[in-house]
Amino acid sequence: MINFTPSYFNDIYPWPNEILNSFNPMEMVFCHDSDLEVSALWPYFSDSNFLAKLAGFPKREYNEINGQLHGKDPRGQWIEEWTWTEGVGVLQTHDFYKGVVRYFRSIVLIEKIEPTGSRVHLYLGMVPKNLISKMMLGMQGRKIMKMVPQLMGKMEEYARAKKSKNFLQDQIRFTDEQNRRIQHHISQLRSIGFEGKILEKFESYIRETDDDLLSKIRLLPLISKWEAKKNDVISLFLHAADIGLLDLRWEAICPHCQNTRQSFNHLSELPLTSSCAPCQIDFNLTGSNALEVAFQVNPAIRSLDIRPFCSSAPTHRPHIKLNQEVNNNSTKTIPTRLEVGRYRMRIKGEMNFNLLDIGPEESRKELVWNLKNTDTNYQIGNFPLIKLENETGKPETFILESVIEDQNVLRPVDLFNFPTFRRLFPSESIAEGIPLEIGTQHILFTDVVGSTNFYKQVGDTIAFIEIRKHFNKMYELVENDNGIVVKTIGDAVMASFRSPKDAFSCAEKVQLYFSSNNEETKLRLRATIHSGQCMAINGDKGIDYFGTTVNLAAKIQSLANAGEIVITEDVSNDPVLSEYLNGLPYATEELEFPSTKQGSTLLTTKYKIS
């Protein structure tokens, strides 16, 4: 159990020696008991931005200078640093170089109280700059002593109700012109076809959400909150951006802290690389997780003061479970609340890492982490005690993070594979010479069989009309199965799908429509499907897909005849599609195709549909 005295906190987090040369710190410790579990309280009590909002503190200005976070508010200017272990505690420090305060720090520690309760400890320490500031801090201290217990009680109320922290701004004012613009744009969206709850929730979100939370709108978390369909929400935001209510942004995301490092209006502005000074790394922007799609409210719609009340690093880096600096030639032992799962262990500024697997059956509960061991996979039980060893001649920051990818991130490929995006933003193009990794794609190629003879038989005019009708039908069939037409080449179509099942379902419908029994069309098609890694590039007709997967999907067209679908083993191995294929009545034939690897072949299966 944590000892309820300042000395306990000072033992764990000693004051820097140079800070206490002139004045002793003014210290306050607060304690709050709750019947809620630690996991329920942590998101609220570790969020200093939320606490500052509740307290009515002024907003702060932040700038990064030489990799350090500099803050500014009426108290002065400072360098801000953070240390935390998720579910255990968080320390923030303000080292002032201008203003009435010399140094400030706050510490939150949460402990479990049996059987199911928790106890939250909040420590505040301030060192005055001179005698005048000592008197001022003394007067403020009396207000703080009265205010903090009330705030802690209110934070528990939010945690108990799982209440949103997004709507705390007292007054959000709109000019008459801004109100007219909002009403006009909502009317536009209604005329496009959006209505009911989704449009009401969207308008409320734009009007009522706090300023600092609208600087970067992530739409995926809104889907469950609004009880809406994913495609409907994405489509709504894209249309809102098209009419000028929102701005579409492409954000460069640091792979370590996962914060925005650069923001671009258009993909054509992308450089090959970016950097993160706080994390001390450079990183490539062509990776599949390097970019995030976000939205902002257009300044003509709402004037935003996006300054935060506090930077609250743990809140903006939820994937980081432990962030601890260890002095040179020193050790630090850290209790954790790490649960079952896989984690990365790395040192700030380094790209290499170790892996930590926490399993319920592991009996060992203590781990020694030093800088000598690299590319190591550790196994240990949950809630381990971790000893951090720094045997170097300089301070090092130890970081332990979850390997689970953030499911709330909208990636560029999510829009590339969305028909509405391609229709509304046809001029959006990737910077010349930059290939973006877009992960596994399921590529369908179709081609008109015997097109040369068809042109000779019916003449150019009728042939052109039939081919155009064929393209229109292909767009319809592709989009009905959650796909997009990437491009057309002559009378061929290249499409991409979200799953092998969607790709085959579309190809099947294509062959059933373009069959000899259908009097609406005189065309017959062949179809092929292959799955694999792809890249997005700037093509002649917009965003194009490129790579070995695309080449193979096109090359195996030679195996297919009219009315047939040929799929590779990479497609047929998908369990959902495999189950579907087992129930089909079509005749099949297994064929081999020369692989890109010398001396090997690619196994394919042909389905004779019509």
- Y607 and ring pair (Phe, Tyr, Trp, His ring centres under 6.0 Å): which partner among Y580, F504, Y586? F504

- Query: For the side chain of Q511 and the backbone of L525, is there at least one donor-acceptor N/O pair under 3.5 Å apart?
  - Reply: yes

- Hey, is the main chain of N354 close enough, under 3.5 Å, to the side chain of N377 for a donor-acceptor pair? no

- Using a 4.5 Å cut-off on heavy atoms from C-beta on, say whether the side chain of M345 contacts that of F353. no

- Item | Value rounded to 0.5 Å, distance of NE2 in H256 from CD in Q280 | 11.0 Å

- Pairwise distance CZ(F237) to CG(L415) - rounded to 0.5 angstrom: 12.0 Å

- Query: Taking only residues at least two apart or on different chains, which pairs with a member in residues 433-443 satisfy side chain to side chain donor-acceptor pair (under 3.5 Å)?
  - Reply: N417-Q441, T440-Q533, Q441-S496, H442-S531

- Item | Residues forming a side chain to side chain donor-acceptor pair (under 3.5 Å) with N323, sequence neighbours excluded | none

- Query: Do S263 and E251 pass the side-chain hydrogen bond (donor to acceptor under 3.5 Å, both in side chains) test, and can you show the C-alpha distance, the side-chain angles, and the key distance before you say yes or no?
  - Reply: CA-CA 4 Å; S263 188; E251 314 231 302; 2.8 Å; yes

- Query: With no hydrogens and no angle check, is any side-chain donor or acceptor of S275 less than 3.5 Å from a backbone partner on A277?
  - Reply: no

- Query: For E476, does the CD atom sit with more than 12 other heavy atoms under 6.0 Å from it, leaving out its own atoms?
  - Reply: yes

- Query: Below 4.0 angstrom, N of the basic side chain to O of the carboxylate: do D406 and R411 qualify?
  - Reply: no

- Check for a donor-acceptor pair, side chain of Q296 on one end and backbone N or O of D247 on the other, with a separation under 3.5 Å. no

- Query: Counting distance only, does the side-chain N/O of T521 pair as donor-acceptor with the main-chain N or O of L523 below 3.5 Å?
  - Reply: yes

- Could you tell me the separation between the CG atom of L245 and the CG atom of L189, rounded to the nearest 0.5 Å? 6.5 Å

- Item | Note: E292-K216 ion pair, threshold 4.0 Å (strictly below) | yes

- Drop me the distance from L214's CG to T209's OG1, to the nearest 0.5 angstrom. 5.0 Å

- Can you find a heavy atom in the side chain of L602 that is under 4.5 Å from one in the side chain of E569? no

- Hey, which of E339, E401, E86 is the one that makes salt bridge (charged side-chain N to carboxylate O under 4.0 Å, His left out) with K321? E86

- Message: Less than 3.5 Å apart, any donor N or O on the side chain of D282 or T273 sitting next to an acceptor on the other?
- Response: no

- Message: Within this structure, what is the CG-NZ distance for the pair L477 and K509, rounded to the nearest 0.5 Å?
- Response: 8.0 Å

- Hey, would you say the F464 and Y455 ring centroids sit under 6.0 Å apart? no

- Query: Relative to Y513, does K473 satisfy both conditions: NZ or CZ under 6.0 angstrom from the six-membered ring centre, and within 45 degrees of the ring's axis?
  - Reply: yes

- Message: Apply ring pair (Phe, Tyr, Trp, His ring centres under 6.0 Å) to residues F194 and F202 and explain how you reach the verdict.
- Response: CA-CA 10 Å; F194 298 102; F202 176 74; 8.7 Å; no

- N284 side chain to T286 main-chain N or O, any donor-acceptor pair under 3.5 Å? yes

- Message: Test your reading of the model: is there a side-chain donor-acceptor pair from S558 to the backbone of K555, 3.5 Å cut-off?
- Response: yes

- Message: Is the terminal nitrogen or CZ of R302 (NZ for Lys, CZ for Arg) located under 6.0 angstrom from the six-membered ring centre of F295 and within 45° of that ring's axis?
- Response: no

- Can you tell me if Q262 and S274 form a side-chain donor-acceptor pair at under 3.5 Å? yes

- Looking at side-chain heavy atoms only, is the closest gap between F593 and L559 below 4.5 Å? yes

- Query: Any ion pair linking E579 and K501 (charged N to carboxylate O, less than 4.0 Å)?
  - Reply: no

- Please check if the side chain of E428 supplies one atom and the backbone of L267 the other of a donor-acceptor pair under 3.5 Å. yes

- Query: Rounded to the nearest 0.5 Å, how far does NZ of K606 lie from OG1 of T588?
  - Reply: 11.0 Å

- Query: Is the shortest distance from a Lys or Arg side-chain nitrogen in E177 or R180 to a carboxylate oxygen in the other one below 4.0 Å?
  - Reply: yes

